[in-house]
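What you are looking at is a predicted structure, and each value in this text was computed from that prediction instead of being measured. Whatever order the structure lists ligands and atoms in, that order sets their numbers, starting from 1.
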Amino acid sequence: MKSYDIVIIGGGPAGLAAAISAKKSGIDHILILERDHELGGILNQCIHNGFGLHTFQEELTGPEYAERFIRQVKEQQIEYRLNTTVLNISSKKLVTAINQKEGMFKLQAGAVILAMGCRERPRGALNIPGYRPAGIYSAGTAQRLVNMEGYLPGREVVILGSGDIGLIMARRMTLEGAQVKAVAELMPYSGGLKRNIVQCLYDYDIPLKLRHTVVDIRGKERVEGVTLAEVDERGKPIPGTEEFYSCDTLLLSVGLIPENELSRGMGVKLNPITSGPSVNERLETNIEGVFACGNVLHVHDLVDFVSEEAAAAGRNAAAYVKAGGLKKKLGWEILLKPGQGVRYTVPEIIHPAYMNETLTLRFRVSNVYKNCYISVFFDSERVHHRKRQIAAPGEMEEVKLVKEELLKYPDLKQITVMIEEG
Ligand SMILES: Cc1cc2nc3c(=O)[nH]c(=O)nc-3n(C[C@H](O)[C@H](O)[C@H](O)COP(=O)(O)OP(=O)(O)OC[C@H]3O[C@@H](n4cnc5c(N)ncnc54)[C@H](O)[C@@H]3O)c2cc1C
C-alpha cells in the first residue's frame with residue numbers, strides 16, 4: 001500500500017491552493033484525489049468574470065482563476081489522480097478510493113486535507129406541492145448545462161432563491177435568449193452579494209420578489225407555470241397574494257450544503273450551523289492531522305477567501321507532518337462564540353500556543369444590519385468595535401485576531417463576536 005505525507009480530497013480551488021502551499025512549506029509527497037475528469041472544481045462551469053479581484057487584483061473568469069493554480073500544481077510536480085472518487089477515510093487516515101483503471105485501492109496518509117466543496121440543496125428538501133414534471137433544475141445544474149454542455153434548459157424561467165448562483169444564472173439565461181420572469185426569495189433580503197443583485201438582476205430589469213415563495217408548480221410532463229405567493233414573518237404563504245407565472249423552467253437556488261459524508265464517516269465533529277467540520281486555529285478538526293478548508297468547511301462567497309484559507313490549511317498540514325504527527329499538549333484553550341447577530345465563527349476554538357501571529361476569524365451575520373458595529377469581546381471586555389455601513393448574510397465577514405493581543409489576557413476563556421446596532 002502506498003503512503004503519502006498529505007492526501008488532499010478534492011481538486012477544486014481549495015484543494016489546489018492547499019497542495020501548493022504544503023509543497024512550498026517543504027512537503028514533497030502530496031497527492032490530490034479528484035473525482036471529476038479535470039482539476040478546478042466548480043469554477044470550471046463559472047465562466048463569468050469577477051474572480052480573483054483580491055488575489056490577483058484582476059477580474060478573471062472561473063476557469064482562468066482555476067488555471068493559475070492548476071499551472072502551479074503542474075510546475076511544482078504535485079501528483080494528482082483524476083476520475084478518482086474517495087469512498088471512505090478511516091480515523092487512522094487510511095483513504096479508500098476508486099477509479100476505472102485501478103479499481104478500489106487504499107492509501108495511507110500522514111495528514112488529510114478535506115476539500116470536497118459543497119453541493120446544492122435539492123428540491124426534495126423544500127416541500128413544494130405539485131407534480132414532478134421536467135423543467136425543474138438546480139441553478140448549478142443549469143449552469144453546467146449552459147456553460148459546459150451547450151444546452152439551454154428552457155426559454156421562460158422563474159428562479160426560486162436569490163443566492164449567488166441563482167442571481168448569476170438569471171443573467172446567464174437572459175444572455176442566452178431566455179426570458180427570466182422573476183427571482184423569488186423567501187427571506188426579506190437576498191442571500192447573494194450586492195454586486196450580483198445589481199449586475200445580474202437590476203441591469204436586466206429582472207424583478208426580485210423578496211418574501212415570496214413558490215406555492216404550486218403547474219404541469220404534469222413539463223413545467224407550465226408556477227404560482228408565487230408572499231409569505232409572512234414565519235415564512236408561511238399569505239392567502240390571497242398568489243400570482244401565476246407561466247414558464248417552462250423553474251431553477252432552484254436554495255442554498256449549498258458542505259459535502260460532508262466522508263467527514264462524518266471518519267468521525268469528524270460537525271458544526272450544526274455550517275454543516276462543516278468544527279475546526280481550531282490551524283483549521284484542524286477534532287481528529288489530529290485532519291484539516292478542512294474551502295466550501296466543505298463553510299460556504300464562502302468569494303473564491304479568493306477559499307484560496308487564502310486553503311493555503312493556511314496546507315501550511316498547517318505541512319507543519320503537522322514535519323513535526324512527525326504532533327502529539328501535542330494543547331494547553332490554554334479559548335472558545336469562540338457567535339454572539340447576537342452572528343450565526344457562526346470559523347474557527348471555533350483557539351490554542352494560543354499554536355496560533356500564528358495573526359488569525360483570520362470568518363463569520364456570517366444572521367440578518368441585514370445597517371450602520372452597525374462588529375464588536376469583539378474578550379470575556380466581558382469589548383476590545384474591537386468596527387463600524388459597518390451594512391452587513392448582510394450573503395457576504396462573509398472577518399476579524400483579524402493578533403496573538404500578541406491575546407497573550408495580554410492570560411486568563412481569557414471566551415471570545416465573542418457580535419453585531420451591535422448603531
Ligand atoms: C453550482 C455552484 C456554482 C457556483 N458558482 C459560483 C460563482 O458563479 N461565483 C463564485 O464566486 N462562486 C461560485 N460558487 C462557489 C464556489 O464553489 C467556491 O468559491 C469555490 O469553488 C469553492 O472551492 P472548493 O475547492 O471548496 O470547492 P469546489 O470548487 O466545489 O471543489 C471541490 C472538489 O472536490 C471534488 N470532490 C468532492 N467529493 C469528492 C470525493 N469524494 N472524491 C474526490 N473528489 C471529490 C469535487 O469533484 C470538486 O472538484 C459556486 C458553487 C456551486 C456549488
> Out of curiosity, is His48 lining ligand 1, as in a heavy atom under 4.0 Å away?
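His48: in contact with ligand 1 (<4.0 Å).
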> State which residue, out of Glu156, Arg155, Arg222, fulfils the side-chain hydrogen bond (donor to acceptor under 3.5 Å, both in side chains) condition with Thr249.
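That would be Arg222; it is the only one of Glu156, Arg155, Arg222 passing the side-chain hydrogen bond (donor to acceptor under 3.5 Å, both in side chains) with Thr249.
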> Looking at every heavy atom in both Lys106 and Leu94, which two are closest together, and how far apart are they?
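Taking Lys106 first and Leu94 second, the nearest heavy atoms are CD-CD2, 4.0 Å.
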> At less than 4.0 angstrom from any non-hydrogen atom of Leu33, what atoms of ligand 1 do you find?
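Result: 43 (C), 44 (N).
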> Which one holds for Leu16 and ligand 1: side chain close, backbone close, both close, or neither close, with close meaning a heavy atom under 4.0 Å?
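For Leu16, there is no contact with ligand 1 at all, from either part.
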> Look at the rings of His351 and Tyr354 and say which category their plane angle falls in: under 30° parallel, 30 to 60° tilted, over 60° perpendicular.
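If you compare the ring of His351 with that of Tyr354, the planes turn out perpendicular.
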> Any idea which atoms of ligand 1 are less than 4.0 Å away from a heavy-atom of Leu256?
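By the 4.0 Å cutoff, the relevant atoms are 53 (C).
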> If the cut-off is 4.0 Å to any non-hydrogen atom of Gly12, which atoms of ligand 1 fall inside it?
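Those atoms are 25 (O), 31 (O), 33 (C).
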> Check the pair Glu281, Lys403 against salt bridge (Lys or Arg N to Asp or Glu O under 4.0 Å), reporting the backbone distance first and the verdict last.
CA-CA 11 Å; Glu281 69 292 335; Lys403 182 170 181 171; over 6 Å; no
> Using 30° and 60° as the class boundaries, would you call the ring planes of Tyr65 and Phe51 parallel, tilted or perpendicular?
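Taking Phe51 first and then Tyr65, their aromatic rings sit tilted (interplane angle of 30° to 60°).
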> Just need the protein heavy atom nearest to atom 41 (N) of ligand 1, so name the residue and atom and give the distance.
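Nearest neighbour among protein heavy atoms for atom 41 (N) of ligand 1, to 0.1 Å: Val86 O, 3.1 Å.
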> For ligand 1, find out whether one of its N or O atoms is nearer than 3.5 Å to an N or O atom of Gly294.
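Gly294 vs ligand 1: no N/O contact under 3.5 Å.
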> With a cut-off of 4.0 Å, which atoms of ligand 1 are near a heavy atom of Gly140?
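Checking each atom against Gly140, I get 1 (C).
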> What's the shortest heavy-atom distance between Val296 and Asn260, and which atoms?
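Smallest interatomic distance, heavy atoms only, reads O-ND2, 3.3 Å.
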> Can you name the closest pair of heavy atoms from Asn286 and Lys269 and give their distance?
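For Asn286 versus Lys269, the nearest heavy atoms are OD1-N, 2.7 Å.
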> Is there at least one pair of N or O atoms, one from His300 and one from ligand 1, spaced under 3.5 Å apart?
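Checking ligand 1 against His300, no N or O pair falls under 3.5 Å apart.
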> A cation-pi test, strictly: NZ or CZ of Arg68 under 6.0 Å from the centre of the six-membered ring of Phe56 and no more than 45 degrees from its axis. Yes or no?
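Yes, Arg68 sits over the ring of Phe56.
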> Identify the heavy atoms of Ala170 and Val183 that sit nearest to each other, and give their distance.
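Closest heavy-atom pair between Ala170 and Val183: CB-CG2, 4.2 Å.
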> Have a look at ligand 1 and work out which part of Leu262, if any, has a heavy atom under 4.0 Å from it: side chain, backbone, both or neither.
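It is the side chain that gets close, since no backbone atom is under 4.0 Å.
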> Can you report which non-hydrogen protein atom sits closest to atom 34 (O) of ligand 1, along with the distance?
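I find the closest protein heavy atom is Gly10 CA, 3.3 Å.
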> Report the nearest protein non-hydrogen atom to atom 27 (O) of ligand 1: residue, atom name, distance rounded to 0.1 Å.
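Scanning the protein heavy atoms, the shortest distance from atom 27 (O) of ligand 1 goes to Gly117 CA, 3.3 Å.
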> With a cutoff of 4.0 Å, is Asp301 in contact with ligand 1, counting heavy atoms of the residue only?
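Yes, Asp301 has a heavy atom closer than 4.0 Å to ligand 1.
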> When you check the gap from the basic side-chain N to the acidic O, do Arg362 and Glu308 get nearer than 4.0 Å?
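Yes, charged N to carboxylate O under 4.0 Å.
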> At what distance is the nearest protein heavy atom to atom 36 (N) of ligand 1, and which residue and atom is it?
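Ranked first by proximity to atom 36 (N) of ligand 1 is Arg35 NE, 3.8 Å.
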> Is the contact between Cys46 and ligand 1 made by the side chain, the backbone, both, or neither, using heavy atoms and a 4.0 Å cut-off?
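Only the side chain of Cys46 comes within reach of ligand 1.
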> Mind checking whether Ala115 contacts ligand 1 via backbone (N, CA, C, O), side chain (CB onward), both or neither, at a 4.0 Å heavy-atom cut-off?
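For Ala115, only backbone atoms sit under 4.0 Å from ligand 1.
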> Where's the contact between Arg144 and ligand 1, heavy-atom distance under 4.0 Å: side chain, backbone, both or neither?
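No part of Arg144 comes within reach of ligand 1.
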> Are Glu395 and Arg195 close enough for a salt bridge, meaning some N to O gap below 4.0 Å?
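Looking at Arg195 together with Glu395, the answer is no, because their closest N to O distance does not fall below 4.0 Å.
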> For ligand 1, find out whether one of its N or O atoms is nearer than 3.5 Å to an N or O atom of Pro13.
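It does: an N or O of Pro13 is found under 3.5 Å from an N or O of ligand 1.
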> Any side-chain heavy-atom pair from Met355 and Leu401 closer than 4.5 angstrom?
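Yes, at least one pair of side-chain atoms sits under 4.5 Å.
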> Kindly confirm or rule out an N or O of Glu34 lying under 3.5 angstrom from an N or O of ligand 1.
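Yes, there is a polar N/O contact under 3.5 Å.
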> Distance to 0.1 Å, residue and atom name: give those for the protein heavy atom nearest to atom 25 (O) of ligand 1.
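Scanning the protein heavy atoms, the shortest distance from atom 25 (O) of ligand 1 goes to Ala14 N, 2.9 Å.
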> Arg119 vs Glu261, test: salt bridge (Lys or Arg N to Asp or Glu O under 4.0 Å). Steps then yes/no.
CA-CA 12 Å; Arg119 62 164 174 258; Glu261 281 66 28; 2.9 Å; yes
> Tell me, which protein residue and heavy-atom name are nearest atom 12 (N) of ligand 1, and how many Å apart are they?
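Ranked first by proximity to atom 12 (N) of ligand 1 is Phe51 CE2, 4.1 Å.
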> Looking only at distances, can you tell me whether any N or O atom of Asp36, backbone or side chain, sits closer than 3.5 Å to an N or O atom of ligand 1?
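Between Asp36 and ligand 1 (N or O atoms, distance only) the closest approach is not under 3.5 Å.
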> Considering only heavy atoms, which of Ile165, Asn88, Asn295 lies nearest to atom 52 (C) of ligand 1?
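Heavy atom nearest to atom 52 (C) of ligand 1 belongs to Ile165.
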> Using distance alone, determine whether Ile168 and ligand 1 share an N or O pair under 3.5 Å.
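No, there is no polar N/O contact under 3.5 Å.
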> Tell me the contacting part of Leu87 for ligand 1: side chain, backbone, both, or neither, using a 4.0 Å heavy-atom threshold, strictly below.
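Neither part.
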> Are Glu348 and Ser278 linked by a side-chain donor-acceptor pair shorter than 3.5 Å?
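Distance-only check passes for Glu348 and Ser278.
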> Would you call Arg172-Glu176 a salt bridge at under 4.0 Å N-O?
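A salt bridge links Arg172 with Glu176.
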> Evaluate the criterion side chain to side chain donor-acceptor pair (under 3.5 Å) for residue pair His300 and Asn295; output intermediate values, then yes/no.
CA-CA 6 Å; His300 290 66; Asn295 277 0; 3.3 Å; yes
> Provide, to 0.1 Å, the distance between atom 3 (C) of ligand 1 and the closest protein heavy atom, together with that atom's residue and name.
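So the nearest neighbour among protein heavy atoms is Gln143 OE1, 3.2 Å.
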> Please could you name the atoms of ligand 1 that Thr85 approaches to less than 4.0 Å, counting only its heavy atoms?
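Checking each atom against Thr85, I get 42 (N).
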> Find all atoms of ligand 1 within a distance of less than 4.0 Å from any non-hydrogen atom belonging to Val306, and give their numbers and elements.
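Near Val306, the atoms of ligand 1 are 23 (O).
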> Would you say Val299 contacts ligand 1, with heavy atoms under 4.0 Å as the rule?
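Under 4.0 Å: no for Val299.
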> Check Glu230 with Arg211, please: is the shortest side-chain N to carboxylate O separation under 4.0 Å?
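Salt bridge between Arg211 and Glu230, a charged N being under 4.0 Å from a carboxylate O: no.
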> Among all protein non-hydrogen atoms, which one is nearest to atom 28 (P) of ligand 1, and what is the separation to 0.1 Å?
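Protein heavy atom with the smallest distance to atom 28 (P) of ligand 1: Ile42 N, 3.9 Å.
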